[in-house]
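On a predicted model such as this, the values are computed, not experimentally measured, just so you know. Chain A is the first sequence line, chain B the second, and so forth, proteins listed ahead of strands; every chain is numbered from 1.
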Amino acid sequence: MLDDTLFLALETISLNKQALIFASTRSIAEKTAEDISLKTSFFFPELATQVLKGISSPTKQCHRLSSCVKKGIAFHHAGLTSKQKELVEEEFRKGTIKIICCTPTLAMGMSLPAFRVIIKSLKRYSGKWGMDWIPVLEYLQMAGRAGRPEFESYGEAISLAKTELDSLDIYNRYICGQPEDIYSKLAVEPVLRTYLLSLISTEIANSRTDLLNFFSKTFWAHQFKDMEKIGVIIDRMLLLLKDFGFIEFSSNNSADFVAANQLAENYFIRATLIGRRVSELYLDPVTANHLICGLNKSSEINLTPFSFLQLISHTLENYPLLKVKVKEFEEVQEQLLLKKAQFLENEPSVYDLDYDEFISSVKTALFLEYWINESEEDFLLEKFDIRPGEIHVKLEVADWLLYSTAELARLLKLQSILKDLNKLRIRVKKGVKEELLPLLQLKGIGRKRARKLFNRGIRNLGDLNTVDLTTLSQLLGTTLALDLKKQLGAEIKPVPEKQTLGQLSLKKY
DNA sequence: TCTCTTCATTTCTAGACAGCATGTC
DNA sequence: CTAGAAATGAAGAGA
């Protein structure tokens, strides 16, 4: 037998049923899908073209998916465009796609039941110890996809074991084992401090007592049991928030001044103006402080778009950062040196535990910089190993963080920076160089078309106004050309009423 | 000297959701 | 404490 997975997959197809195959990494998921697709006799050319639809320049990954889908097989992981993911899910539900090879995410999200679930491996790379068994909960999530109650009375969940011993291990651990406890997500510090600030900012809680009271009712406290310890953690967070200037304490007794490291029960706590905005923006206070520190440094450095891109890249919100591979390390460091004067934060020492993250943030910023200099997606895939799906996630986060940074800059009265930030935000959103910005004001003009126009010497609305319709039609097609002229007419001289009226009255007769 | 093969060594590994206001190719 | 696929590199074969 060639390969267990392949065999099971083909058998499922011959039973005229569908299967989900869980793989531990993206590349394995893709490879498995490809292998199976080579053995099927389905043929859905229209699906294959649909995968590529809506992508200006399909990457290698897109083509790979396309050729799998053509044979009724698909892979599914976070690197896919959301549209591609939707397509795969929908076609699987419809029954066109027979098998999806995916990473464990699919189990967490959408409900996609299948007759058979095949789990290639129950181990997964975990940063700390190398390969490790996945949680029982996750196994249950995956296995739970087996069987579609509307169509079948049962389903099959198959786990593959390498050896006899492994199979025993899997049986004991997953089939007989107990799922592990659910730990309250509140316990994660970034969530906790965000939550804390929001409670204070919305005035649900005004004192330490209020807060403790509130948390004592949460699932977190229920698990933690030790309220005293919770108090200590909350105190630490409160002091942090105070240090950041997001909250302030005051005492009823005005003679009392607030000691640096002590919190009395009765202090009145409230959010500052900036603290409230941070909470509204749903930023992690640590991120917000990081952004503010950066902004305050803006006058001391050689400020460029890269400065902001790096600043926003080095935040929790941007996780996971683009990993710097061994081969790339030197190049990234070279860039780091080259751009030394542009950084809004201090470079940590090489020995710092944080250094890897810092380097990764530089890579992420470099990726964004290439993007706003109009690099194509397949180029980015090659250079940064970032898949189309991830590109869009990163851009969305960057947009959000730039918006937040701009809001903070506004509160800090840094008007001069505000303009830069707004420009940068548009550039990130559209992926264009600054020179194209005037053209982007028009509807129907994005990065591609604007570049086309610009290269023809049409660089702003004025140029566009003088260029004749024929040339414009040749460049962009008649419909769009006419529409653009109409937009320009409306914008530049808002009194073309005469013509309109004339035409209307002509029609009358 | 150059190309193709093969075997050994090294590298790399899953991912989601938040604000805001609408229209990309 | 643990894995395994893919990329890369080095050595070897053939021409």
Interatomic distance, [X] [atom1] vs [N] [atom2] [rounded to whole Å]:
{"X": "Tyr125(A)", "N": "dT2(C)", "atom1": "OH", "atom2": "P", "value": "13 Å"}
{"X": "Ile170(A)", "N": "dA3(C)", "atom1": "CD1", "atom2": "P", "value": "14 Å"}
{"X": "Lys120(A)", "N": "dT13(B)", "atom1": "NZ", "atom2": "P", "value": "19 Å"}
{"X": "Leu402(A)", "N": "dA21(B)", "atom1": "CG", "atom2": "P", "value": "17 Å"}
{"X": "Tyr195(A)", "N": "dA18(B)", "atom1": "OH", "atom2": "P", "value": "16 Å"}
{"X": "Asp166(A)", "N": "dG4(C)", "atom1": "CG", "atom2": "C1'", "value": "13 Å"}
{"X": "Leu442(A)", "N": "dT24(B)", "atom1": "CG", "atom2": "P", "value": "10 Å"}
{"X": "Lys430(A)", "N": "dT24(B)", "atom1": "NZ", "atom2": "C1'", "value": "7 Å"}

Stepwise side chain to side chain contact (heavy atoms under 4.5 Å, CB included) test for Phe22(A) and Cys102(A): CA-CA 5 Å; Phe22(A) 287 97; Cys102(A) 57; 3.5 Å; yes
Where does DNA chain B pair, written as one dot-bracket string 5' to 3', with Watson-Crick or G-U pairs under 3.5 Å, ( ) inside the strand, [ ] for crossing pairs and | for another strand? |||||||||||||............
Minimal non-hydrogen separation, Ile312(A) against Leu401(A), with atom names: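 Heavy atoms only, the tightest pair is O-CD1, 3.4 Å.
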Less than 4.0 Å between a side-chain N and a carboxylate O, is that true for [Y] and [X]?
{"X": "Glu280(A)", "Y": "Arg277(A)", "result": "yes"}
{"X": "Lys448(A)", "Y": "Glu376(A)", "result": "yes"}
{"X": "Glu328(A)", "Y": "Lys383(A)", "result": "no"}
{"X": "Asp284(A)", "Y": "Arg193(A)", "result": "yes"}
{"X": "Arg451(A)", "Y": "Glu435(A)", "result": "yes"}

If you look at every strand shown and take non-hydrogen atoms under 4.0 Å, does [X] touch a base, only sugar-phosphate, or nothing?
{"X": "Arg425(A)", "result": "base"}
{"X": "Ser24(A)", "result": "sugar-phosphate"}
{"X": "Glu30(A)", "result": "nothing"}
{"X": "Leu283(A)", "result": "nothing"}

Along DNA chain C (nearest heavy atom to each residue), the more 5'-positioned of Ser126(A) and Ser27(A):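 Counting from the 5' end, the first nearest nucleotide belongs to Ser126(A).
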Begin from the C-alpha positions of Tyr282(A) and Glu317(A) and carry the test side chain to side chain donor-acceptor pair (under 3.5 Å) through to its verdict. CA-CA 10 Å; Tyr282(A) 212 87; Glu317(A) 279 79 353; over 6 Å; no
Between Gln310(A) and Glu345(A), does the side chain to side chain donor-acceptor pair (under 3.5 Å) criterion hold? Intermediate values first, please. CA-CA 9 Å; Gln310(A) 193 278 326; Glu345(A) 60 173 318; 2.7 Å; yes
Contact list for DNA chain B against residues 308-322 of chain A - heavy-atom distance below 4.0 Å: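 Contacting residues: Glu317(A), Tyr319(A), Pro320(A).
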Does Lys123(A) place a side-chain N or O at less than 4.0 Å from the phosphate oxygens OP1/OP2 of dT2(C)?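 Checking dT2(C) against Lys123(A), no side-chain N or O comes under 4.0 Å of OP1 or OP2.
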Between Ser121(A) and dG4(C), is there a side-chain N or O to OP1/OP2 distance below 4.0 Å?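 So the side-chain polar atoms of Ser121(A) never come under 4.0 Å of the phosphate oxygens OP1 or OP2 of dG4(C).
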For nucleotides 7-10 of chain C, list the nitrogen or oxygen atoms of the protein found under 3.5 Å from its nitrogen or oxygen atoms, one pair per line.
unit_1	atom_1	unit_2	atom_2	d
dT8(C)	OP1	Lys327(A)	NZ	2.9

